[in-house]
Amino acid sequence: MAAAVVWKASANGFRLPDQDAFATARGEAFVATADNPSAVFYNPAGITQLEGNNIRGGLYGIYLDRSFSPPGTAPNHGHTYDNLDNYAAAPQLFYTYTPTNLPLSFGLGVYAPFGGVSSWPQNTGFRSVAIDGSLTYLTINPVVAYKVLPSLSIAAGMMVNYADLEMSQGLLKNQLPSTNFFRFTGDGWSVGYNLGALWQPHEEISIGATFRSSASVTLDGQTRYEKLPFVSRTNQSAKTDFEFPMTVTVGLSYRPTPKWNLEFDADYTDWSSFGKTSIHQSSTSPGVAKDISLTLDWQASWMYEFGVTRYFAHGWHASAGFVFNENSVPNAYYSPLAADMDRYVFSAGTGYKGRHFNFDVAYQCAYGPTHTVTGSQPSSVPATSTGQTANGSYDFISHAVIVSAGWHF
């Protein structure tokens, strides 16, 4: 009796690839460029390109417009329901240091690679499938990069991750006349690693690759549920396990002149790690099983990213980019909290890089054509007994702004 555990932030699944304004302006096509401190995330091998001390931080803010229309067979057909959570934000901070007498560079990143929030009205027709959910996911990522040759660098780092999850659903079709809900909250820590490589075989061509490992986390917390008049409000300790996905990105940067940088990246996320799991409660209560099974069965997906930057005099530059983002949530166990679909992402931005100070600002617009879900099954028990499903049509559009600023010393 627990809601599907996924919801939409801004990218596939609830992944957040937007960690720097310059990279986002280029459609996240940055793995083969990686020439500012955010390379700690995008490709840690790139920090060997930076001299001395560099610090750079920023904030990604997004407005999301998500809506649901029930299928023609539903009693509430003809209505459109809007998601109640429209705004989200994620900060990031990066630092790098390259000593003058060693072929090594050191970096540290603090950022949110996953996250999101979603809340639907109670009368959508799928409240026993999902009502609301939120995920906070923070990574602390120290890295070391080694310049093997003037044209080749490699890097490795450790990712220490903190996750805090909340999710809820109804136990009956309707919120009234009797209060009914099931909620899980939990948090936990995990450890993973990331790798990177950057090779420049020719002055006009650079090839980059980065790997971020999966990370398994046990979320310890509690369940709260109520189903009046049969079950009064009950709290008990509970836990569940999730494996956050492995990602791989490879890219090629082409710089026909010092004034232009064009890059194409392919970015893979192995969402199949979100298969089946369970919420384990400390005891059994009337009408609620001790172990509650969840079936997600997500699928691996790709993002294809293209970006271009034009450099001008006096340190100024302008960029534009495009991303095609594949759906990672099959219809079979579709979750309204995820509401995932194929998406098209457009971005543009500008910035300045001086001797010490640098900044970038980017705008991003993402659009998902109407995605119609049929044949969906609930991922857990309540919706099975109520007969509710996630079937229907989902629409998505978002607008985001990201600002980054840094200092070299």
Could you tell me whether the side chains of [X] and [Y] share a donor-acceptor contact shorter than 3.5 Å?
{"X": "N161", "Y": "S190", "answer": "yes"}
{"X": "T234", "Y": "R224", "answer": "no"}
{"X": "N76", "Y": "Y81", "answer": "yes"}
{"X": "S376", "Y": "N331", "answer": "no"}
{"X": "S206", "Y": "Q200", "answer": "no"}
{"X": "S67", "Y": "D82", "answer": "no"}
{"X": "N54", "Y": "N36", "answer": "no"}
{"X": "Q169", "Y": "Y225", "answer": "no"}

Begin with the C-alpha distance, continue with both residues' side-chain angles, and end with the deciding distance and a verdict on ring-ring contact (aromatic ring centres under 6.0 Å, His included) for F359 and W407. CA-CA 9 Å; F359 81 92; W407 188 262; over 10 Å; no
Mind checking the [atom1]-[atom2] spacing from [X] to [Y]? Nearest 0.5 Å is all I need.
{"X": "L165", "Y": "M167", "atom1": "CG", "atom2": "CE", "value": "5.0 Å"}
{"X": "S128", "Y": "Q388", "atom1": "OG", "atom2": "CD", "value": "3.5 Å"}
{"X": "W199", "Y": "L252", "atom1": "CH2", "atom2": "CG", "value": "10.5 Å"}
{"X": "E28", "Y": "E263", "atom1": "CD", "atom2": "CD", "value": "11.0 Å"}
{"X": "T48", "Y": "L104", "atom1": "OG1", "atom2": "CG", "value": "10.0 Å"}
{"X": "D65", "Y": "Y63", "atom1": "CG", "atom2": "OH", "value": "4.5 Å"}

Please report the closest heavy-atom contact between [X] and [Y], naming both atoms and the distance.
{"X": "G251", "Y": "A32", "result": "O-CB, 3.5 Å"}
{"X": "P70", "Y": "T124", "result": "CG-O, 4.2 Å"}
{"X": "P44", "Y": "A155", "result": "C-CB, 3.5 Å"}
{"X": "T185", "Y": "E166", "result": "CG2-CG, 3.5 Å"}
{"X": "D220", "Y": "K239", "result": "OD1-CB, 3.4 Å"}
{"X": "V191", "Y": "A215", "result": "O-CB, 4.3 Å"}

Run the ring-ring contact (aromatic ring centres under 6.0 Å, His included) check on H317 and F22 step by step: do they pass? CA-CA 10 Å; H317 54 263; F22 179 66; 5.2 Å; yes
With a 6.0 Å cut-off on the ring centroids, do [X] and [Y] count as close?
{"X": "Y193", "Y": "F211", "value": "yes"}
{"X": "Y254", "Y": "F264", "value": "no"}
{"X": "Y367", "Y": "H399", "value": "no"}

Checking salt bridge (charged side-chain N to carboxylate O under 4.0 Å, His left out) for the pair R66/D395: CA distance, chi angles, key distance, verdict? CA-CA 6 Å; R66 297 161 288 189; D395 290 279; over 6 Å; no
Check each of V345, D267, D265 against M303 using the side chain to side chain contact (heavy atoms under 4.5 Å, CB included) test, and report the only one that passes.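 It is D267; the other options fail the test.
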After noting the C-alpha distance and the side-chain angles of D270 and S272, does the key distance pass the side-chain hydrogen bond (donor to acceptor under 3.5 Å, both in side chains) rule? CA-CA 5 Å; D270 186 16; S272 64; 2.5 Å; yes
Run F242 and L219 through side chain to side chain contact (heavy atoms under 4.5 Å, CB included) and show every step you take. CA-CA 8 Å; F242 283 96; L219 301 172; 3.9 Å; yes
Candidate pair F126 and W120, rule ring-ring contact (aromatic ring centres under 6.0 Å, His included), full reasoning: CA-CA 9 Å; F126 55 64; W120 290 99; 5.7 Å; yes
Could you walk me through whether D18 and Q364 satisfy the side-chain hydrogen bond (donor to acceptor under 3.5 Å, both in side chains) test, starting with their C-alpha distance in whole Å, then the side-chain angles of each, then the deciding distance to 0.1 Å, before giving a yes or no? CA-CA 10 Å; D18 315 284; Q364 178 193 75; 2.9 Å; yes
With F181, which residues qualify under ring-ring contact (aromatic ring centres under 6.0 Å, His included), at least two apart?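 For F181 there are no ring-ring contact (aromatic ring centres under 6.0 Å, His included) partners, ignoring immediate neighbours.
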Minimum side-chain heavy-atom gap P113-R212 below 4.5 Å: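 In short, these two side chains touch, coming nearer than 4.5 Å.
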For residues 95-103, run the donor-acceptor check on the side chains, cut-off 3.5 Å, and write out each pair with its distance to 0.1 Å, sequence neighbours left out.
residue : atom : partner : partner atom : Å
Y95     : OH   : N53     : OD1          : 2.3
T98     : OG1  : L50     : O            : 2.7
T98     : OG1  : S105    : OG           : 2.7

For residues 31-53, which residue pairs pass the ring pair (Phe, Tyr, Trp, His ring centres under 6.0 Å) check, not counting sequence neighbours?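 Matches after skipping sequence neighbours: F30-Y42, F41-Y111.
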Heavy-atom donor-acceptor pair, D164 side chain to D187 backbone, under 3.5 Å: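 Side chain of D164 to backbone of D187: no pair is present.
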Applying side-chain hydrogen bond (donor to acceptor under 3.5 Å, both in side chains), can you list everything that pairs with T210, at least two apart in sequence or on another chain?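 For T210 there are no side-chain hydrogen bond (donor to acceptor under 3.5 Å, both in side chains) partners, ignoring immediate neighbours.
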Considering residues at least two apart in sequence or located in another chain, which fulfil the side-chain hydrogen bond (donor to acceptor under 3.5 Å, both in side chains) criterion with S237?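 S237 satisfies side-chain hydrogen bond (donor to acceptor under 3.5 Å, both in side chains) with S282 only.
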For residues 304-312, which side-chain N or O atoms pair as donor and acceptor with protein atoms under 3.5 Å away, sequence neighbours left out?
residue : atom : partner : partner atom : Å
T309    : OG1  : R26     : NH1          : 2.7
T309    : OG1  : S319    : OG           : 2.7

Between R56 and D20, does a salt bridge (charged side-chain N to carboxylate O under 4.0 Å, His left out) hold up when you go through it step by step? CA-CA 9 Å; R56 186 169 166 97; D20 183 79; 2.6 Å; yes
Whether F324 and Y344 hold their rings parallel, tilted or perpendicular, with breakpoints at 30° and 60°: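 Taking Y344 first and then F324, their aromatic rings sit tilted (interplane angle of 30° to 60°).
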Could you label the plane-to-plane angle of the F244 and F114 rings as parallel, tilted or perpendicular, counting under 30° as parallel and over 60° as perpendicular?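 Rings of F244 and F114: tilted, 30 to 60°.
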With side-chain hydrogen bond (donor to acceptor under 3.5 Å, both in side chains) as the criterion, how do S253 and N261 come out once you've worked through the C-alpha distance, each side chain's angles and the decisive distance to 0.1 Å? CA-CA 7 Å; S253 168; N261 181 347; 2.8 Å; yes
Tell me whether E51 at atom CD has more than 12 heavy atoms from other residues, nucleotides or ligands lying less than 6.0 Å away.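 Open.
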Test log, rule side-chain hydrogen bond (donor to acceptor under 3.5 Å, both in side chains), inputs S216 and D241: CA-CA 7 Å; S216 297; D241 299 311; over 6 Å; no
With ring-ring contact (aromatic ring centres under 6.0 Å, His included) as the test, would you mind laying out the steps for Y363 and F346 before giving the verdict? CA-CA 8 Å; Y363 166 75; F346 304 88; over 10 Å; no
Could you walk me through whether D132 and R183 pass salt bridge (charged side-chain N to carboxylate O under 4.0 Å, His left out), step by step? CA-CA 9 Å; D132 59 57; R183 175 172 289 271; 2.7 Å; yes
